[in-house]
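Notes for the one structure printed next.
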There are 2 protein chains.
Amino acid sequence: MSLEAAEPLPRKRRGRATIYDIAQRAGVNPSTVSRALTRPGRVSEETEARIMQAAKELGYRANPAARALPTGRTRTLALLVADITNPVVFDIIRGAERSAAAGGYTLVIAESQESGTEESSVLDRLLPAVDGFVLAMSRLDDEAIREVASTSPVVLVNRRVDCVESLVPAFEAGIAELVAHLADLGHRRIAYLDGPAQSWTSARRWEAIRDAAAERGIEAVEIGPGEPTLDGGAAQLGAVLESEATAAVAYNDVMAIGLLRAATAAGIAVPGRLSVAGFDDIFGADFTTPQLTTVKAPLTELGEQAVRALQAIVADEEPERHEPLPSTLIVRGSTGAPAR
Amino acid sequence: MSLEAAEPLPRKRRGRATIYDIAQRAGVNPSTVSRALTRPGRVSEETEARIMQAAKELGYRANPAARALPTGRTRTLALLVADITNPVVFDIIRGAERSAAAGGYTLVIAESQESGTEESSVLDRLLPAVDGFVLAMSRLDDEAIREVASTSPVVLVNRRVDCVESLVPAFEAGIAELVAHLADLGHRRIAYLDGPAQSWTSARRWEAIRDAAAERGIEAVEIGPGEPTLDGGAAQLGAVLESEATAAVAYNDVMAIGLLRAATAAGIAVPGRLSVAGFDDIFGADFTTPQLTTVKAPLTELGEQAVRALQAIVADEEPERHEPLPSTLIVRGSTGAPAR
DNA sequence: TTGTACGCGTTATCAA
DNA sequence: TTGATAACGCGTACAA
């Protein structure tokens, strides 16, 4: 080594300490440091203490990329949603983030913009970067989902596909409560506002409502499909009135609120002339006048459990099995006795 | 190698193709493949075509961890928020995610749970995993933020700190509009409901309201600080009434909605006896009756621009400078002429 | 219990 | 223009 010219500083030294620095300071071999850091107990107490001390003094942080290379695990999980705009996913994100952080995992959020092909490409892009996926509101068909699941750990939320870990709340209970509530109020004909045609959830909700209504001996009619938006809900007001139903249940709260507002704007009293109910109990469902009656989905818990289950699968453990999360009826002001 | 017992399948072969596979198939050296893939043009057209072809056939996806190791860049950006629960951040997340995806970056969301020390620890944990941070609603003090910024690229949202890239919308214009709107309606005394004591934004908003009021020759009084929640807003109803202000502007929409509901519940007509306005125009601000008048912050655009600026800084380019994003008054039903 | 040596997939620095 | 070859930081058989 001879003369060195004054190089321009190599850009803000990436001055992070490595296990080599620790090794040197603690007077041991780097591999010993690695052992002490990854699973304490494999080295003598004394050296472990020295190593930990040195690590702390140097402010050591493991380099995740370097760690991922030999192990193949990135300790990163991805949450895929169809539409970040959708308030339903906010709560799922919240739960997912919390349990990822609790497990020492990093959570990546990605959006498929309601498009199946976009979803595939996102999945593909993220595949080498993460240890697994939580698919919330996937727009892929069952076969495509199974294929993803055969490549990488996957947990499905709000949908059931054979051979894939799925997390679906037991909304039947909440729906039964809702239908009973409406029947008790005196309603004899309930309209269900369908969500998007491809929505697995919407189809299940309709079936459950139909069954619950049949059991109660009242009528249920299906209207739609429609966009799961304020406008999508508002757009169905005419159809609801034509159906002569006295109560309308929408695929989700956003549609329900759209319908509620359209009704109010049209001079139709809620719940006086029309009762309205939704699903999910999203943020803002209690902002309306009257406040919205809704079947609350345990969204935050769903996000939490999904990520926990995914962590288990990634770690090659059996995910805990619990009872499906219950959905519950929240009665607020938008449902009441029908006009007669 | 002698006899091998029937091992359980070596767990779903991590069968991803590498540049070595491509190299072999294309009959070139791995380093050539790397060149062709990272910045086309450094190899002959012919071999580049062969390499691309082989890559496509093998379904090659670069391994981000392996790529990050020598380069030190992960092509991952972090968005830190104080509270995922806060609807304001939903829109920021949305914008951030979109421009991250557009730039080929992966976005990590992390939450500091309204705690400065938690924020530091999250920052610290994420530091080696990302190329930079967007800090939205940081709870750190200026000095701490500068220190982070000296270690890693940082873009600040909704706050200004010397020497750190900051993105703050020009809410003065919207506030001036709001105050003018109220003054024109006949209000002579406006109450401002402060947010959290440490909130940089809340302090700026109060100053702007005070100044705008002074300019209009009307009074402004400060109430609080308070929690930026529904309850936090509701809790101030008494103080608002005592202040004898005829209009109340809250630090944000959530507080405003809390106040609005508390007023309505207490039989105080909005806007008949009390006008209420908020900030941000969050999801649900138009669910209330009356709908909430508010100063709309360009949250989605803020998230977008923040991530774009961060990408520029990471790439060692000068971030684009635009005019600060404008905030605008959205007049809805919750403001009206004061009772006399 | 600890050290040696190699590999993970890629980029980058040399030569050729 | 391309091919060797050395990092990058860490985990881990294997040997001591």
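Nothing here was measured: the structure is a model prediction, and the numbers come from that model. The figures that follow rest on heavy atoms only: side chains count, while hydrogens, waters and symmetry mates do not. Note on naming: letters A, B, ... go to the chains in the order of the sequence lines (proteins, then strands), and numbering restarts at 1 for each one.
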What is the separation between atom CZ on A/Arg39 and atom P on C/dT2, rounded to the nearest whole Å?
14 Å

Just to confirm, is there a sub-4.0 Å distance from OP1 or OP2 of D/dA4 to any side-chain nitrogen or oxygen of B/Asn29?
yes

Here's a test of your reading of the structure: between B/Leu69 and B/Glu45, which maps to the more 5' nucleotide of DNA chain D?
B/Glu45

Spacing of B/Tyr20 atom OH relative to C/dG7 atom P, expressed in whole Å:
11 Å

Taking salt bridge (Lys or Arg N to Asp or Glu O under 4.0 Å) as the criterion, tell me which of A/Arg160, A/Arg308, A/Arg146, A/Arg321 meets it with A/Glu165.
A/Arg321

Got a donor-acceptor contact below 3.5 angstrom from the A/Arg73 side chain to the A/Val314 backbone?
yes

Under 4.0 Å, counting only non-hydrogen atoms across every strand here, what does A/Val33 touch: a base, just sugar-phosphate, or nothing?
nothing

Among D/dC10, C/dT2, C/dT11, find the nucleotide with the atom closest to the side chain of A/Ala66.
D/dC10

Is there a donor-acceptor pair under 3.5 Å between the side chain of B/Asp91 and the backbone N or O of B/Val88?
no

Counting heavy atoms from C-beta on, name the nucleotide in D/dC10, C/dT2, C/dA5 closest to the side chain of A/Thr32.
C/dT2

Expressed in angstrom and rounded to an integer, what is the separation of A/Arg42 atom CZ from D/dC14 atom C1'?
12 Å

Base, sugar-phosphate alone, or nothing: which one does A/Thr18 contact when heavy atoms must sit under 4.0 Å apart?
sugar-phosphate

For DNA chain D, which residues of residues 50-64 of chain B approach it to below 4.0 angstrom with any heavy atom?
none

Just compare D/dG11, C/dT10, C/dT2 and give me whichever is closest to any side-chain atom of A/Val43.
C/dT2

Nearest whole angstrom, please: distance from the C1' of C/dG9 to the CD of B/Gln24.
16 Å

Between B/Arg67 and C/dG9, is there a side-chain N or O to OP1/OP2 distance below 4.0 Å?
no

Side-chain donor or acceptor of B/Arg139 paired with backbone N/O of B/Ser115 under 3.5 Å:
no

Closest to the B/Thr38 side chain, choosing from C/dT4, C/dT11, C/dT1:
C/dT11

B/Ser44 near the nucleic acid: base, sugar-phosphate alone, or nothing, with a heavy-atom cut-off under 4.0 Å?
sugar-phosphate

Ignoring backbone atoms, establish whether A/Thr47 has a side-chain N or O less than 4.0 Å from OP1 or OP2 of C/dT2.
yes

Check whether any side-chain N or O of A/Arg159 sits under 3.5 Å from a backbone N or O of A/Ser138 as a donor-acceptor pair, and report yes or no.
yes

By nearest-heavy-atom nucleotide on DNA chain C, the more 5' of B/Ile19 and A/Ser31 is A/Ser31

Closest to the 5' end of DNA chain D, once B/Glu46 and B/Pro70 are matched to their nearest nucleotides, is B/Glu46

Return the nearest nucleotide to the side chain of B/Arg35; candidates are C/dT13, C/dT10, D/dC14.
C/dT13

With the side chain of A/Ser34 defined as its heavy atoms from C-beta on, choose the nearest nucleotide among C/dC8, D/dT12, C/dT1.
D/dT12

Between B/Thr151 and B/Glu147, is there a donor-acceptor pair closer than 3.5 Å when you use the side chain of the first and the backbone of the second?
yes

Of the options A/Val157, A/Leu156, A/Val154, which is the one that meets A/Ser166 in a side chain to side chain contact (heavy atoms under 4.5 Å, CB included)?
A/Leu156

Under 3.5 Å donor-acceptor, B/Ser152 side chain and B/Ala149 backbone:
no

